[in-house]
Protein chains: 2
Amino acid sequence: MAATMQDVARRAGVSVKTVSNVVNGYPHIRPATRDRVLTAIAELDYQINLTARNLRTGRTGIIGLAVPELSLPYFAELADSVIEAAESEGLTVIIEQHGGRREREVEILTGSRRHLTDGLIYSPLALGPGDERLLDVPYPLVLLGERIFHGPVDHVTMRNTDAARAATEYLLGLGRRRIAAVGVHPGEEVGSAALRLDGYRAALDAAGVRPDPALEGEAGLWHRRTGAEAMAEVLDRGARPDAVFAFNDALALGAMHELQVRGLRVPEDVAVVGFDAIDEGRYSNPTLTTVDPGREEIARTAVRLLHGRTRGAAGEPQRVAPPFGILVGGSTEPGRERSASEP
Amino acid sequence: MAATMQDVARRAGVSVKTVSNVVNGYPHIRPATRDRVLTAIAELDYQINLTARNLRTGRTGIIGLAVPELSLPYFAELADSVIEAAESEGLTVIIEQHGGRREREVEILTGSRRHLTDGLIYSPLALGPGDERLLDVPYPLVLLGERIFHGPVDHVTMRNTDAARAATEYLLGLGRRRIAAVGVHPGEEVGSAALRLDGYRAALDAAGVRPDPALEGEAGLWHRRTGAEAMAEVLDRGARPDAVFAFNDALALGAMHELQVRGLRVPEDVAVVGFDAIDEGRYSNPTLTTVDPGREEIARTAVRLLHGRTRGAAGEPQRVAPPFGILVGGSTEPGRERSASEP
DNA sequence: TTGTATGCGTTATCAA
DNA sequence: TTGATAACGCATACAA
């Protein structure tokens, strides 16, 4: 079958150790020897057996990426970026979906699949305060998102509160006063939902606008569908928003859909702002105003931190939060386009 | 560090063989022995080392999934479904992105990463006729898509021509006569683009409508952006379509965006049909009429076929093409909604 | 029903 | 600069 190092060694008239040295780019090899080995490798069409190397070295070159689901466009784009970043560092990615189910989230941390990976980039939804000890795992872990803050691990996060506040202030600046929040998780004290709600309320407060609970729409998982449902709930309740701040773009697009189905004009009657800057929002009708949380940088940073740890980098857990920006589209300012040009 | 079978065996007072038997569910074990072993496993917090097992058995329980990129919503949803299906068969998935670059597509087939996987679900874009021999690989391979037809491997495909024809006939049935095609790959003889173009032309032909080259918009990669660009090209050329059949939903949404930016009404002035039935099209404004190609079934079938082959299933290469359907939305019939209810 | 011994293909130790 | 040889942790003939 497939050739082994033994075969190559025999053919090149050297020892397996020498073949190994060549394959791994060990510098002190006589050029003639190296050539003989490379020739033999080419002739036999040899490829290294990664499984054997993994067993011997205890490392696999694979990292895990755990997300809620790839059908959520933000996580699909994040996975794209993570795979890209990993590739450029010579790493392979295994994606696991937990769907926000606590049991799956725990299983991912402790399951035997972790023996297959050198480390994990972990974006939980169900885990929260009190679960810090679950993060005390015997392998490198980089946390994404805002569910757990004082875990013993590196953490790449978004500037949720600041960004949410900025988004809300932007709407206030447009003269909107009855701003709905879509994606609220009642009773939650940490997590993106809580932090974004904080930012939203802080902005209202600073502007002297009284928060109205009737304008807060709940949504567990942040899908288009749940965004539409939350929007419907707010409207059915009789609240009359003149703007919506949705906690992510999928929610925003679902909410916008619901508004339009009901004959409300976006942005004239209701302005809509999302969060995530997914590509979809550049082509929606109208295009979506959104917070750009720095997804690319989040992915690159997470991979870099994790890779460093897998190679033994010591030191205090890092906490990184890339800068954010607001991308303005037609969902808040009539006729404003965002398609081709910007980031 | 982590406990090994040796440790468990010592603690339980049995041999490693017995531990192995217990771990692997071998039936003929005395209950008392099994209990001792399970207790020892629990006490030591033992987990099997998958790398060692992989080396020993020559199988990894991992399958590869190669797609253009996860940022394309169809492939994100496909990956979701594949991971789900794999999970339910006890398999893990490694995703590789090739971006439609031929060099990457070849590398994926032959690279050393294949030693890490038991088989590959492979959806190429650049490979085509003449590349059949590249598919003659020493591991199980399931082909997705329409680039290569007579390869020596299992093949799960869409009913491209029939579905494209049905979509076009549907537009003709609405009275549209100047139907643009968006996503054309000029000169291509196989591939989704060619097959869908065939179906489109066949429908026109059968209806006695003369095909107009000015109505055919090129798009290499099928993104929202390229859809918008192709649509712009067609319009700038002076063609005056009353409908668009886009070869996938991303193109369709991009094209619809371009139409709307130019002040054309969808569907009144121009009706739009896509292909793929991604979730996004249920919430666009208007909602998107599209071909449902049976993504879930494609994913399940591909995983099932591959898993079978990895376990030694012999026999002729299979060719499977799930049935398709047309989902009608507001992009072709005013006021028609498709959100919550249907598949 | 359970134990012993061997090898999967690689890297690491040490010596030459 | 290179070679001989011992692990890495598990599964499996074969033996008991």
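Note on naming: letters A, B, ... go to the chains in the order of the sequence lines (proteins, then strands), and numbering restarts at 1 for each one.
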Starting at [atom1] of [X] and ending at [atom2] of [N], how long is that distance when rounded to a whole Å?
{"X": "B:Gln6", "N": "D:dA7", "atom1": "CD", "atom2": "P", "value": "13 Å"}
{"X": "B:Arg10", "N": "D:dG9", "atom1": "CZ", "atom2": "P", "value": "12 Å"}
{"X": "A:Arg36", "N": "D:dT1", "atom1": "CZ", "atom2": "C1'", "value": "12 Å"}
{"X": "B:Arg56", "N": "D:dC10", "atom1": "CZ", "atom2": "C1'", "value": "8 Å"}
{"X": "B:Asn54", "N": "D:dC8", "atom1": "CG", "atom2": "P", "value": "18 Å"}
{"X": "B:Leu50", "N": "D:dC10", "atom1": "CG", "atom2": "P", "value": "9 Å"}

Margin query: Assess the residue pair A:Arg101 and A:Glu107 against the criterion (salt bridge (Lys or Arg N to Asp or Glu O under 4.0 Å)); give the C-alpha distance rounded to whole Å, side-chain angles, the decisive distance to 0.1 Å, and a yes or no.
Written below: CA-CA 10 Å; A:Arg101 300 199 310 278; A:Glu107 185 186 326; over 6 Å; no
Notebook entry, point to check: Taking NZ, NE, NH1 and NH2 as the nitrogens, is one of them in A:Arg114 or A:Glu96 under 4.0 Å from a carboxylate oxygen of the other?
Noted result: yes
Notebook entry, point to check: First and last nucleotide of DNA chain C touching chain A, 5' to 3', heavy-atom cut-off 4.0 Å?
Noted result: C:dG9 to C:dT13
Item checked: Phosphate-side-chain proximity, A:Thr18 and D:dG3, N/O vs OP1/OP2 below 4.0 Å -> yes
Has the side chain of [X] got a donor or acceptor atom that lies under 3.5 Å from a matching backbone atom of [Y]?
{"X": "B:His155", "Y": "B:Gly145", "answer": "yes"}
{"X": "B:Glu297", "Y": "B:Pro322", "answer": "no"}
{"X": "A:Asp118", "Y": "A:Gly61", "answer": "yes"}

Checklist line | B:Ile108 side, atom CD1; B:Glu103 side, atom CD - distance, nearest 0.5 Å | finding: 10.5 Å
Margin query: Under 4.0 Å, heavy atoms only, any strand: does B:Ile48 hit a base, just the sugar-phosphate, or nothing?
Written below: sugar-phosphate
Taking all heavy atoms of [X] and all of [Y], pick out the closest pair and write down the distance.
{"X": "B:Ser192", "Y": "B:Glu146", "answer": "OG-CG, 3.1 Å"}
{"X": "A:Glu105", "Y": "A:Tyr122", "answer": "O-OH, 2.8 Å"}
{"X": "A:Arg309", "Y": "A:Glu316", "answer": "NH2-O, 3.0 Å"}

Note to self: Reading DNA chain C from 5' onward, which residue's closest nucleotide shows up sooner: B:Lys17 or A:Val16?
What the structure shows: B:Lys17
Checklist line | Residues in contact with DNA chain C, drawn from residues 19-35 of chain A - heavy-atom cutoff 4.0 Å | finding: A:Ser20, A:Asn24
